[in-house]
J.: 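Input: one structure, supplied below.
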Amino acid sequence: MSDLRMTPADLLRQIENLPRDTPRHKELEQALQIGVGFGRAWYGSQKEHWQRWLAEYSGPGAYGRAPRGERPASYVYNHIRCAPMLFWLAEAAAVPDDLLERGYKAVVQHKSSDGGTQCAALRRVIPWAEILATLKA
């Protein structure tokens, strides 16, 4: 399936097969004080965060989204604003360790506490094409 043909539902099916717990994303949650156990997190893991986010993607979901037709999975990845959520997907999908390390550093060394800015820093190192390639492998 191509980048534009992978739907949020396709991504959800891929995520179902990934491990729930990975070590580095938990380190990132701790470093940023974001995610499970922090603030208003309504999910018990980043995998559950993805599952619920994608299961409710065509409607308002937990964040009151205004759905505008079917978007590809790449659009979803590029609009997430939780760095540990993105990092978990990369780690669980087995993105190479050197990219994970660079992505981790890009987020924690970033001066902004804004989730969108942190995610942008991570996506510069681990773009959707890398996620797609590892999911297809």
J.: How far does CD of E27 sit from OG1 of T22, to the nearest 0.5 angstrom?
T.: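 E27 atom CD to T22 atom OG1 measures 9.5 Å (nearest 0.5 Å).
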J.: Taking C-beta and beyond as the side chain, do R81 and D114 meet within less than 4.5 Å on heavy atoms?
T.: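 Result yes, sub-4.5 Å side-chain heavy-atom pair found.
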J.: Would R52 count as a cation-pi partner of Y43, with NZ or CZ less than 6.0 Å from the six-membered ring centre and within 45° of the ring normal?
T.: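 No; the conditions do not both hold, so R52 does not lie above the ring face of Y43.
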J.: Hydrophobic clusters here meaning ILVMFWY residues chained together by side-chain heavy-atom distances under 4.5 Å, can you tell me if V36 and W42 are in one?
T.: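 Yes, V36 connects to W42 through the hydrophobic network.
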J.: Q46 pairs by side chain to side chain contact (heavy atoms under 4.5 Å, CB included) with which of Q51, E29, K26?
T.: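 Looking at Q51, E29, K26, the match for Q46 under the side chain to side chain contact (heavy atoms under 4.5 Å, CB included) is E29.
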J.: Determine, step by step, whether Y77 and L132 satisfy the side-chain contact (heavy atoms from CB on, under 4.5 Å) criterion, reporting the C-alpha distance in whole Å, the side-chain angles of both residues, the deciding distance to 0.1 Å, and the verdict.
T.: CA-CA 10 Å; Y77 181 80; L132 186 63; over 6 Å; no
J.: Taking the side chain as everything from C-beta on, heavy atoms only, tell me whether P96 gets closer than 4.5 Å to E130.
T.: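 Yes, close enough: below the 4.5 Å cut-off.
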J.: Please evaluate residues W50 and L11 with respect to the criterion side-chain contact (heavy atoms from CB on, under 4.5 Å), reporting the C-alpha separation (whole Å), side-chain torsions for both, the decisive distance (0.1 Å), and the verdict.
T.: CA-CA 9 Å; W50 271 107; L11 180 56; 3.9 Å; yes
J.: Atom OG1 in T134, atom CD in Q14: separation rounded to 0.5 Å?
T.: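 Those atoms lie 9.0 Å apart.
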J.: From E91 CD over to I126 CD1, what is the distance, rounded to the nearest 0.5 angstrom?
T.: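 Separation between the atoms: 9.5 Å.
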J.: Apply the test side-chain contact (heavy atoms from CB on, under 4.5 Å) to residues L18 and L135: give CA-CA distance (whole Å), side-chain angles for both, the deciding distance (0.1 Å), then the verdict.
T.: CA-CA 10 Å; L18 298 177; L135 289 173; 4.3 Å; yes
J.: State, with a plain yes or no, whether a side-chain heavy atom of E48 is found less than 4.5 Å away from one of R20.
T.: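 A side-chain contact is absent here, since even the closest heavy-atom pair is not under 4.5 Å.
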J.: Count I, L, V, M, F, W, Y as connected when their side-chain heavy atoms are under 4.5 Å apart, and connections chain through other members. Are V108 and L99 then in the same cluster?
T.: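 Linked within one cluster.
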J.: Within a strict 4.5 Å, meaning less than it, do heavy atoms of the H49 and W88 side chains meet?
T.: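 No; the side chains remain at least 4.5 Å from each other.
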J.: Describe, in one word, how the ring planes of H79 and Y75 are oriented to each other, choosing from parallel (under 30°), tilted (30 to 60°) and perpendicular (over 60°).
T.: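 Judged by the thresholds at 30° and 60°, the geometry between H79 and Y75 is parallel.
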J.: Would you say F87 and L100 make side-chain contact, with heavy atoms under 4.5 Å?
T.: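 Yes, at least one pair of side-chain atoms sits under 4.5 Å.
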J.: What's the separation between atom CD in Q109 and atom CZ in R102, rounded to the nearest 0.5 Å?
T.: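 Going from CD on Q109 over to CZ on R102, the span is 12.0 Å.
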